[in-house]
Amino acid sequence: MPTAHPPTGPARSDFGRRPVQRRAELGLTLRETADRAGMAANYLKYVEESPTAVPGWNVVLQLVGALETTVTALTGVDTNSPPAVPS
């Protein structure tokens, strides 16, 4: 089974890094996560890697289910860090 690795390249958005971290915690690849969320792997890659990606609530909810987490954890609403800080 392939291992989950954070993507390299351009800085990810503050939102984009959270699905990467969570799927790494679960040991899921990008493709496995996309399949679980019912979305194209290329779109998930865009959400994770693009600093300008702003997914709609339907995408957020699909990822919440696929990553077995909460909206609060995935969106970072419960953190005190400023939004959209590249990692």
Step by step, work out the side-chain contact (heavy atoms from CB on, under 4.5 Å) result for L61 and V71. CA-CA 7 Å; L61 294 175; V71 170; 3.8 Å; yes
Determine, step by step, whether F15 and V47 satisfy the side-chain contact (heavy atoms from CB on, under 4.5 Å) criterion, reporting the C-alpha distance in whole Å, the side-chain angles of both residues, the deciding distance to 0.1 Å, and the verdict. CA-CA 8 Å; F15 176 82; V47 168; 3.5 Å; yes
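R22 places a side-chain N or O within donor-acceptor distance of the main-chain N or O of E68, the cut-off being under 3.5 Å.
In this structure, L63 and M39 have side chains that are in contact, with non-hydrogen atoms separated by less than 4.5 Å.
Interatomic distance, T33 OG1 to L28 CG, rounded to the nearest 0.5 Å: 4.5 Å. Interatomic distance, L67 CG to R23 CZ, rounded to the nearest 0.5 Å: 8.5 Å. Within the model, atoms OG1 of T75 and CZ of R18 stand 7.0 Å from one another, a figure rounded to the nearest 0.5 Å. Atoms CD and CG, from Q21 and L26 in turn, are 12.0 Å apart once rounded to the nearest 0.5 Å.
When all heavy atoms are compared, the tightest approach of G27 to E32 is O-OE1, 3.9 Å. Taking each heavy atom of A34 and A41 in turn, the nearest pair found is CB-CA, 3.6 Å.
Cluster membership check: V64 does not share its hydrophobic cluster with V54, using side-chain heavy-atom separations under 4.5 Å among Ile, Leu, Val, Met, Phe, Trp and Tyr.
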